[in-house]
Amino acid sequence: MGKIEMKTPLVEMDGDEMTRILWQMIKDELLLPYIDLKTEYYDLGLKHRNETDDQVTIDSAKATQKYGVAVKCATITPNAARVEEYDLKEMWKSPNGTIRAILDGTVFRAPIRVKGIDPCVKNWEKPITLARHAYGDVYKNVETRIPGAGKAELVFTGVDGQEIRQTIHEFDGPGVIQGIHNTDKSILSFAKSCFNYALDTKQDLWFATKDTISKVYDHRFKDIFQEVYDSEYKDRFEENGLEYFYTLIDDAVARVMKTKGGFIWACKNYDGDVMSDMVSSACGSLAMMTSVLVSPSGVYEYEAAHGTVQRHYYKHLQGEETSTNSVATIFAWTGALKKRGELDGISELCSFADELERATLSTIESGKMTKDLALITSMKNVTVLNSEGFIKAIRETLEAVS
């Protein structure tokens, strides 16, 4: 049989360290033999981002706006140690943060459930989808070290000359300050993306912040969500038997442990970052979670919800064998291929992506898996495969059912 033809390219964003190694393995073993893969390639590896003064990240986001669908490998957000390790010109911002700001999207993350890998929270019968606001807060902060005693102020100067000034703190010694922001426009996009996604997937929607403490900042999120719900979505939610409610973030954490799952939990940027890792880890592994950035204009960017697996990469460089879970990265590709096929009317591409997902899960359910899953599975006498061996086993499963 011939390869499946594509009409429109995917935007392909390559990444760093061990996930970059897996990225190429997945293409070589699971995609290129079956698809005439068309991509517009951008190297978001830290070395190339540094060489281009991070312009490549901006270019990849703009290309995503043009083509509508992207797939992204995990990338490094450098700290001081990485600046030294890679001899960086500066401590570049998170590429995910840059892309999310340009696309004005919301990140939806959900665990990949598979037989034999049971959630730590035993009553979770269905996946919990985390909707993470993808703009602002600490990810676009301004912060500085305070050298000594003095007064820190929050100052806003309007274009009309109006000035708002508030004291942050009267310092009697060294300290730190941080300024964060958000915009009504971005919060509105976040709210609409969440309500639309809930209707599309027929799931209830929770939203949680800490407005009892943050009486202006967090309360603005709460108000916008409620205004949008009441004016645009309430009737449709009720027609579909769906519920929307707001609660405090600490109450949501307590509630979520007692639910059966099967709903969307919307969070601000940092809360969503933390809670999605909690949910994915409780369901088995950080490598078992899908992640898609959806913009209000209908642009999609798929990625794994985990990092670059630095420890395994250093072992790989030393010639040691690794057993790195590639499931989330595979599902990033399948998600992007399905969406590309859906938008371009290529049913064969959608079907292939579904088959690859089934083959991936069937391989695990047959007892062949990476070490992280072998340590937590309820199955007996499993076979632990190395990074490449697991991907090759998936190919064998795929070809057996094709």
(request) Please lay out, stage by stage, how Y244 and D230 fare under the test side-chain contact (heavy atoms from CB on, under 4.5 Å). (result) CA-CA 10 Å; Y244 164 70; D230 290 340; over 6 Å; no
(request) Evaluate the salt bridge (charged side-chain N to carboxylate O under 4.0 Å, His left out) criterion for residues D104 and K185: first the C-alpha distance (whole Å), next the side-chain angles of each, then the deciding distance (0.1 Å), finally the verdict. (result) CA-CA 9 Å; D104 186 29; K185 178 178 179 292; 3.7 Å; yes
(request) Go through the steps to decide whether E303 and M13 satisfy the test side-chain contact (heavy atoms from CB on, under 4.5 Å), and finish with yes or no. (result) CA-CA 9 Å; E303 61 178 335; M13 306 173 183; over 6 Å; no
(request) Let me see the working for R395 and D28 under salt bridge (charged side-chain N to carboxylate O under 4.0 Å, His left out), right down to the final yes or no. (result) CA-CA 10 Å; R395 180 172 179 177; D28 290 343; over 6 Å; no
(message) Let's go through K368 and I394 carefully: what are the C-alpha distance in whole Å and the side-chain angles of both, what is the deciding distance for side-chain contact (heavy atoms from CB on, under 4.5 Å) to 0.1 Å, and is it a yes or a no?
(response) CA-CA 9 Å; K368 300 174 183 177; I394 293 171; over 6 Å; no
(request) Show your working on salt bridge (charged side-chain N to carboxylate O under 4.0 Å, His left out) between E40 and K66 and close with a plain yes or no. (result) CA-CA 11 Å; E40 184 162 308; K66 175 183 177 181; 5.0 Å; no
(message) side-chain contact (heavy atoms from CB on, under 4.5 Å) for I58 and Y42? Distances and angles first, verdict last.
(response) CA-CA 10 Å; I58 296 169; Y42 293 87; over 6 Å; no
(request) Might you work through the salt bridge (charged side-chain N to carboxylate O under 4.0 Å, His left out) test for K222 and D211, ending with a clear yes or no? (result) CA-CA 8 Å; K222 177 184 177 182; D211 69 289; 3.6 Å; yes
(request) Applying side-chain hydrogen bond (donor to acceptor under 3.5 Å, both in side chains), run through D137 and Y217 and close with a yes or a no. (result) CA-CA 10 Å; D137 300 346; Y217 195 100; 2.4 Å; yes
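Annotation: K140, atom NZ; neighbour count of heavy atoms from other residues, nucleotides and ligands within 6.0 Å does not exceed 12. Residue R311 places its CZ atom among 12 or fewer non-hydrogen atoms of other residues, nucleotides or ligands, all under 6.0 Å distant. Surrounding CD of E84 are at most 12 heavy atoms belonging to other residues, nucleotides or ligands under 6.0 Å away. Remark: E163 CD is packed, more than 12 non-hydrogen atoms of other residues, nucleotides or ligands lying under 6.0 Å away. Annotation for K126: atom NZ does not count as buried by contact number, only 12 or fewer foreign heavy atoms lying within 6.0 Å.
Under the 3.5 Å distance criterion, the side-chain polar atoms of N269 are matched with a main-chain donor or acceptor of G136. No donor-acceptor pair under 3.5 Å is formed between the side chain of K234 and the backbone N or O of S231. Judged purely by atom type and a 3.5 angstrom limit, D14 has no side-chain atom pairing as donor or acceptor with the backbone of C73. Within the 3.5 Å criterion, the main-chain N or O of V155 finds no donor-acceptor partner in the side chain of R165. Without hydrogens or angle criteria, K210 side chain to I249 main chain gives no donor-acceptor distance under 3.5 Å. Judged by distance alone, the side chain of R49 and the main-chain N or O of L44 form a donor-acceptor pair under 3.5 Å. When atom types are taken as modelled, the side chain of T334 and the backbone of F331 share a donor-acceptor pair closer than 3.5 angstrom. When atom types are taken as modelled, the side chain of K371 and the backbone of S323 share no donor-acceptor pair closer than 3.5 angstrom. For the pair N123 (side chain) and T259 (backbone), a donor-acceptor distance under 3.5 Å is present. With hydrogens and angles ignored, the 3.5 Å screen pairs no side-chain donor or acceptor of D204 with any backbone N or O of F263.
Among N325, T324, T377, the one residue that satisfies the side chain to side chain donor-acceptor pair (under 3.5 Å) test with D372 is N325.
Between Y246 and Q226, the side chains place no donor N or O within less than 3.5 Å of an acceptor N or O (distance only, hydrogens not considered). A side-chain donor from one of Y34 and E399 sits under 3.5 Å from a side-chain acceptor of the other. Counted by atom type alone, T98 and T57 present zero donor-acceptor pairs between their side chains at under 3.5 Å. For N96 and Y139, the side-chain atoms include no donor-acceptor pair closer than 3.5 Å. Of the N and O atoms on the side chains of H133 and S186, at least one donor lies less than 3.5 Å from an acceptor on the other residue. No side-chain donor from either of T64 and E301 sits under 3.5 Å from a side-chain acceptor of the other.
M257 has its side chain within reach of W124: a pair of non-hydrogen atoms, C-beta onward, lies under 4.5 Å apart. Using a 4.5 Å cut-off on side-chain heavy atoms (C-beta onward), F390 and L373 make no contact. The shortest side-chain heavy-atom distance between S214 and T209 does not fall under the 4.5 Å cut-off.
Between the CG atom in L31 and the NZ atom in K3 there is a gap of 10.5 Å [rounded to 0.5 Å]. Here the CE-OG1 distance, from M288 to T360, works out to 9.0 Å after rounding to the nearest 0.5 Å.
Relative ring orientation between F237 and Y229 is described as perpendicular, the plane-to-plane angle rising above 60° on a 0-90° scale split at 30° and 60°.
A salt bridge does not link K93 with D54: every distance from a Lys NZ or Arg NE/NH1/NH2 to an Asp or Glu carboxylate oxygen is 4.0 Å or more.
Checked against salt bridge (Lys or Arg N to Asp or Glu O under 4.0 Å), E365 has no partners two or more places apart in sequence or in another chain. By the side-chain hydrogen bond (donor to acceptor under 3.5 Å, both in side chains) test, Y270 pairs with no residue at all, sequence neighbours left out. Remark: D160 pairs with no residue by the side-chain hydrogen bond (donor to acceptor under 3.5 Å, both in side chains) rule, at least two apart or across chains. Qualifying side-chain hydrogen bond (donor to acceptor under 3.5 Å, both in side chains) partners for H48, counting only residues two or more places apart in sequence or in other chains: none. With sequence neighbours excluded, the residues forming a side-chain hydrogen bond (donor to acceptor under 3.5 Å, both in side chains) with Y135 are H181, listed by chain and number.
When every heavy atom of M6 is checked against every heavy atom of I346, the shortest pair comes out as CA-CD1, 4.1 Å. Nearest heavy-atom pair, L10 versus V69, reported as atom, atom and distance to 0.1 Å: CD2-CG1, 3.5 Å. Across all non-hydrogen atoms, the minimal contact from C194 to A266 is SG-CB, 3.9 Å. Annotation for E17 and I76: closest pair CD-CD1, 3.7 Å, computed over non-hydrogen atoms. The shortest non-hydrogen separation linking H312 to T322 is O-CG2, 3.3 Å. Considering all non-hydrogen atoms of both residues, R132 and T106 come closest at O-CG2, 3.5 Å.
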Which donor-acceptor pairs under 3.5 Å do the side chains of residues 167-179 make with protein atoms, sequence neighbours left out?
{"from": "Q178", "atom 1": "NE2", "to": "E143", "atom 2": "OE1", "distance (Å)": "3.3"}

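Cation-pi contact between K339 and Y302: absent, since separation from the ring centre below 6.0 Å together with deviation from the ring axis within 45° is not met.
When ring centroids are compared, F225 and F190 come within the 6.0 Å threshold.
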